[in-house]
Amino acid sequence: MQTKIIIGTIAFMLTMIILGFIALNEPARLEAFSAAYEGRSIENGAEIFVNNCATCHGIDGTATQCFDATGAETGCVGLPLNNADLLCGNRPPRLDAMGWAGTKSDFIEGTIAAGRPWAGMPTWGQQFGGPLQNNELRDVALFVQNWESETLCGGEEVEGPVWPTRVSDLPAGNPENGANIYQVPLGCNACHGLVEDESTANGPGPWLGALAAEAADRKEGYTDADYIYESILLPNAHIAPECLIGGNPSDCPEPSTMLSNFGQRMTEQDMADIIAYILGVTEFESNVDVVYPEGSVAPPAEE
Ligand code: HEC
Ligand code: HEC
């Protein structure tokens with residue numbers, strides 16, 4: 001009798017100790033579980049990214065190197081996503097630039113789901129007629145956000161590239177080389193078509209072949225080269241009068257959907273070659289200053 005009670009008491013105490021131990025460890029266990037769960041989600045997101053997004057945003061998300069389905073290198077037409085402007089902190093500059101009041105993860109997941117079809121970003125969410133289910137959208141959005149890192153975000157503000165204020169200070173341009181880099185690596189043709197062939201242009205930007213005759217009329221006091229130089233470095237300084245959207249002449253979207261990072265992706269020689277290709281001249285005249293903001297754009301991650 002006595003022993004039964006003692007055994008019963010010991011068993012009861014043991015049970016309480018074990019339960020207490022489990023309860024104490026529950027938060028840690030849950031955390032490990034959700035970390036593993038998030039890990040799987042990110043892995044799955046990585047696979048979705050490589051298969052669906054890398055052609056436009058680059059394998060590493062920096063939009064510097066893109067390949068088409070045959071493995072040939074193409075220009076990257078998507079914005080960089082592995083980018084401080086979009087990822088660093090709770091309120092990255094990109095949210096304000098886009099007038100987004102919600103959270104960063106809603107911005108990223110929402111943009112992936114709805115796309116910006118008028119700007120070349122396809123729609124991915126099934127609720128909008130795209131191919132990805134909600135859990136897949138969340139996984140790929142988590143994968144993108146996982147690029148936020150000490151290396152990307154921890155550094156002190158790095159100075160941006162410095163561009164001459166006068167386009168006439170660029171080196172002489174080489175139009176043939178310009179015609180090449182216009183396609184790869186810069187990918188201007190994806191939005192503008194080829195300068196020499198209007199039939200290759202179907203948006204979302206305007207065909208640039210008319211600029212040799214019209215650029216200087218776009219802004220008072222500008223030369224042709226002034227205008228093109230400014231349009232490439234600061235797409236929002238002036239919005240082109242007419243864009244092709246799905247091949248139809250339409251108002252250009254405002255703010256501009258042209259990538260705003262060419263000033264960080266081009267050398268002075270690239271710039272001269274591109275302008276030479278668009279205008280068909282090798283030397284440039286200048287009437288105005290074009291001021292590229294130093295360090296105001298978050299720097300790309302180390303390459
Ligand atoms: C056909 C090319 C293309 C593909 C494929 C593509 N994107 Fe995009 N994406 C773009 C373009 C172009 C933009 C910029 C649109 C604009 O200027 O507003 C963009 C913008 C974005 C943005 C918003 C970035 C910002 O700073 O505003 C996110 C996030 C994004 N894409 C994620 C993805 C993901 C994830 C996938 C794959 C599921 C994907 N994209 C596939 C072209 C593409
Ligand atoms: C993602 C699409 C996209 C890419 C890539 C792109 N642009 Fe644009 N570009 C646009 C859109 C949209 C406009 C019209 C809105 C504006 O004025 O910014 C435009 C406008 C321009 C203009 C002014 C045209 C006019 O008629 O006033 C020039 C010049 C230009 N782009 C040059 C380039 C060059 C050079 C490249 C490659 C280095 C390039 N763009 C890459 C979308 C793009």
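For ligands, and for the atoms within them, numbers begin at 1 and follow the listed sequence. In this chain, residues are counted from 1 in sequence order. Quick note: numbers below take in every heavy atom, side chains included, and nothing from hydrogens, waters or symmetry partners.
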Novice: Can you sort out which atoms of ligand 2 are near Ile274, meaning under 4.0 Å from one of its heavy atoms?
Specialist: 35 (C)
Novice: With atom 8 (Fe) of ligand 1 at the centre, find the angle made by NE2 from His57 and SD from Met121, to 10°.
Specialist: 180°
Novice: Any idea which protein heavy atom is nearest atom 2 (C) of ligand 2, and the distance to it?
Specialist: Cys191 SG, 1.9 Å
Novice: Side chains of Leu95 and Lys104: closer than 4.5 Å at any heavy-atom pair?
Specialist: yes
Novice: Using a 4.0 Å cutoff against the non-hydrogen atoms of Ile112, which atoms of ligand 1 qualify?
Specialist: 32 (C), 35 (C)
Novice: Identify the closest protein heavy atom to atom 5 (C) of ligand 1: which residue and atom is it, and at what distance?
Specialist: Asn52 O, 3.2 Å
Novice: As an exercise, identify every atom of ligand 2 less than 4.0 angstrom from a heavy atom of Gly205.
Specialist: 10 (C), 11 (C), 12 (C)
Novice: Which of the numbered atoms in ligand 2 are below 4.0 angstrom from a heavy atom of Ala240?
Specialist: 14 (C), 16 (C), 17 (O), 24 (C), 25 (C), 26 (O), 27 (O)
Novice: As an exercise, identify every atom of ligand 2 less than 4.0 angstrom from a heavy atom of Cys252.
Specialist: 14 (C)
Novice: Which atoms from ligand 2 have a heavy atom of Ile239 less than 4.0 Å away?
Specialist: 17 (O)
Novice: Would you say that Thr55 contacts Cys66 through its side chain, given a criterion of any heavy-atom pair below 4.5 Å between the two side chains?
Specialist: no
Novice: Would you kindly specify which portion of Asn236 sits under 4.0 Å from ligand 2, judged on non-hydrogen atoms: side chain, backbone, both or neither?
Specialist: neither
Novice: Apply the test ring pair (Phe, Tyr, Trp, His ring centres under 6.0 Å) to residues Tyr182 and His192: give CA-CA distance (whole Å), side-chain angles for both, the deciding distance (0.1 Å), then the verdict.
Specialist: CA-CA 10 Å; Tyr182 183 85; His192 292 290; 7.2 Å; no
Novice: Return the residue, atom name and 0.1 Å-rounded distance of the protein heavy atom closest to atom 32 (C) of ligand 2.
Specialist: Leu208 CD1, 3.5 Å
Novice: State whether a side-chain donor-acceptor pair under 3.5 Å links Ser250 with Asn248.
Specialist: no
Novice: List every atom of ligand 1 that sits less than 4.0 Å from any heavy atom of Gly78, numbering the atoms from 1 in the order shown and giving each element.
Specialist: 10 (C), 11 (C), 12 (C), 42 (C)
Novice: Under 4.0 Å from any heavy atom of Pro204, which atoms of ligand 2 are there?
Specialist: 12 (C)
Novice: Do Gln126 and Leu132 make a side-chain contact, defined as non-hydrogen atoms from C-beta onward lying under 4.5 Å apart?
Specialist: no
Novice: Could you tell me which non-hydrogen atom of Leu233 sits nearest to which non-hydrogen atom of Tyr292, and how far apart they are?
Specialist: O-CE1, 3.7 Å
Novice: Give me the nearest non-hydrogen protein atom to atom 16 (C) of ligand 2 as residue plus atom name, then the distance to 0.1 Å.
Specialist: Ser256 OG, 3.4 Å
Novice: Looking only at heavy atoms, which two atoms of Met266 and Ile274 are closest? And how far apart?
Specialist: CE-CG1, 3.9 Å
Novice: Considering only non-hydrogen protein atoms, determine which one is nearest to atom 18 (O) of ligand 1 and report residue, atom name and distance to 0.1 Å.
Specialist: Arg116 NH1, 2.7 Å
Novice: Hey, does Phe143 sit under 4.0 Å from ligand 1 if you only count heavy atoms?
Specialist: no
Novice: Quick one: nearest non-hydrogen protein atom to atom 26 (O) of ligand 1, plus distance?
Specialist: Arg94 NE, 2.5 Å
Novice: Over 60° means perpendicular and under 30° means parallel, so classify the ring planes of Phe143 and Phe49, tilted if in between.
Specialist: tilted
Novice: Does ligand 2 have a heavy atom under 4.0 Å from the side chain of His238, from its backbone, from both, or from neither?
Specialist: backbone
Novice: Assess the side chains of Asp226 and Thr223: does a donor N or O sit below 3.5 Å from an acceptor N or O?
Specialist: yes
Novice: Just heavy atoms, cut-off under 4.0 Å: does Ala141 contact ligand 1 by side chain, backbone, both, or neither?
Specialist: neither
Novice: Taking the side chain as every heavy atom from C-beta outward, state whether Val77 and His57 have any atom pair closer than 4.5 Å.
Specialist: no
Novice: Distance to 0.1 Å, residue and atom name: give those for the protein heavy atom nearest to atom 27 (O) of ligand 2.
Specialist: Tyr227 OH, 2.4 Å
Novice: Does the SG of Cys252 lie under 2.5 Å from the SG of Cys243?
Specialist: yes
Novice: Suppose we only allow N, O or S atoms; which atom of His192 ends up nearest to atom 8 (Fe) of ligand 2?
Specialist: NE2
Novice: Among protein heavy atoms, which sits nearest to atom 38 (C) of ligand 2, and what does the distance come to when rounded to 0.1 Å?
Specialist: Cys188 SG, 2.6 Å
Novice: Any Lys/Arg nitrogen of Arg166 or Glu285 sitting under 4.0 Å from an Asp/Glu carboxylate oxygen of the other?
Specialist: no
Novice: I'd like to check which ligand 1 atoms, numbered from 1 as shown, lie under 4.0 Å from a non-hydrogen atom of Thr111.
Specialist: 22 (C), 23 (C)
Novice: With a cut-off of 4.0 Å, which atoms of ligand 1 are near a heavy atom of Phe107?
Specialist: 27 (O)
Novice: Pick, from Val77, Leu137, Leu81, the option with the minimum heavy-atom distance to atom 12 (C) of ligand 1.
Specialist: Val77
Novice: I'd like to check Arg265 versus Leu259 (side-chain heavy atoms, cut-off strictly below 4.5 Å). Are they in contact?
Specialist: yes
Novice: Do me a favour and list the nearest non-hydrogen protein atom to atom 42 (C) of ligand 1 with residue, atom name and distance?
Specialist: Gly120 O, 3.3 Å
Novice: Under a heavy-atom criterion of less than 4.0 Å, does Ala190 contact ligand 2?
Specialist: no
Novice: Using side-chain heavy atoms (C-beta onward) and a distance below 4.5 Å, is Thr267 in contact with Met271?
Specialist: no
Novice: Within the 4.0 Å heavy-atom shell around Leu79, which atoms of ligand 1 are there?
Specialist: 14 (C), 24 (C), 25 (C), 26 (O), 27 (O)
Novice: Flag the pair Asn180 / Glu176 as yes when at least one side-chain heavy-atom distance between them is below 4.5 Å, and no otherwise.
Specialist: no
Novice: Classify the contact between Pro206 and ligand 2 as side chain, backbone, both or neither, using a heavy-atom distance cut-off of under 4.0 Å.
Specialist: side chain
Novice: Are side-chain N/O atoms of Ser256 and Asn236 paired as donor and acceptor at under 3.5 Å?
Specialist: no
Novice: Polar-atom distance check: Thr55 versus ligand 1, any N or O pair below 3.5 Å?
Specialist: no
Novice: Kindly say whether the aromatic ring centers of His238 and Tyr227 come within a distance under 6.0 Å.
Specialist: yes
Novice: Looking at every non-hydrogen atom in both residues, tell me the closest pair between Leu170 and Trp163 and how far apart they are.
Specialist: CD2-CZ3, 4.4 Å
Novice: As an exercise, identify every atom of ligand 2 less than 4.0 angstrom from a heavy atom of Thr257.
Specialist: 1 (C), 12 (C)
Novice: Less than 2.5 angstrom apart at the SG atoms, yes or no, for Cys88 and Cys153?
Specialist: yes
Novice: Quick check: closest heavy atoms across Pro204 and Ala190, and the distance to 0.1 Å?
Specialist: CD-O, 4.4 Å
Novice: Which ligand 2 atoms, with their elements, are less than 4.0 angstrom from a heavy-atom of Cys243?
Specialist: 14 (C)
Novice: Does Met98 come within less than 4.0 angstrom of ligand 1, counting non-hydrogen atoms of the residue?
Specialist: no
Novice: Give the residue, atom name and distance (to 0.1 Å) of the protein heavy atom nearest atom 37 (C) of ligand 1.
Specialist: Cys53 SG, 1.8 Å
Novice: Show which atoms of ligand 1 fall inside a sub-4.0 Å distance from at least one heavy-atom site of Cys56.
Specialist: 1 (C), 2 (C), 3 (C), 4 (C), 5 (C), 42 (C), 43 (C)
Novice: Is there a polar contact, in the sense of an N or O pair closer than 3.5 Å, between Ser231 and ligand 2?
Specialist: no
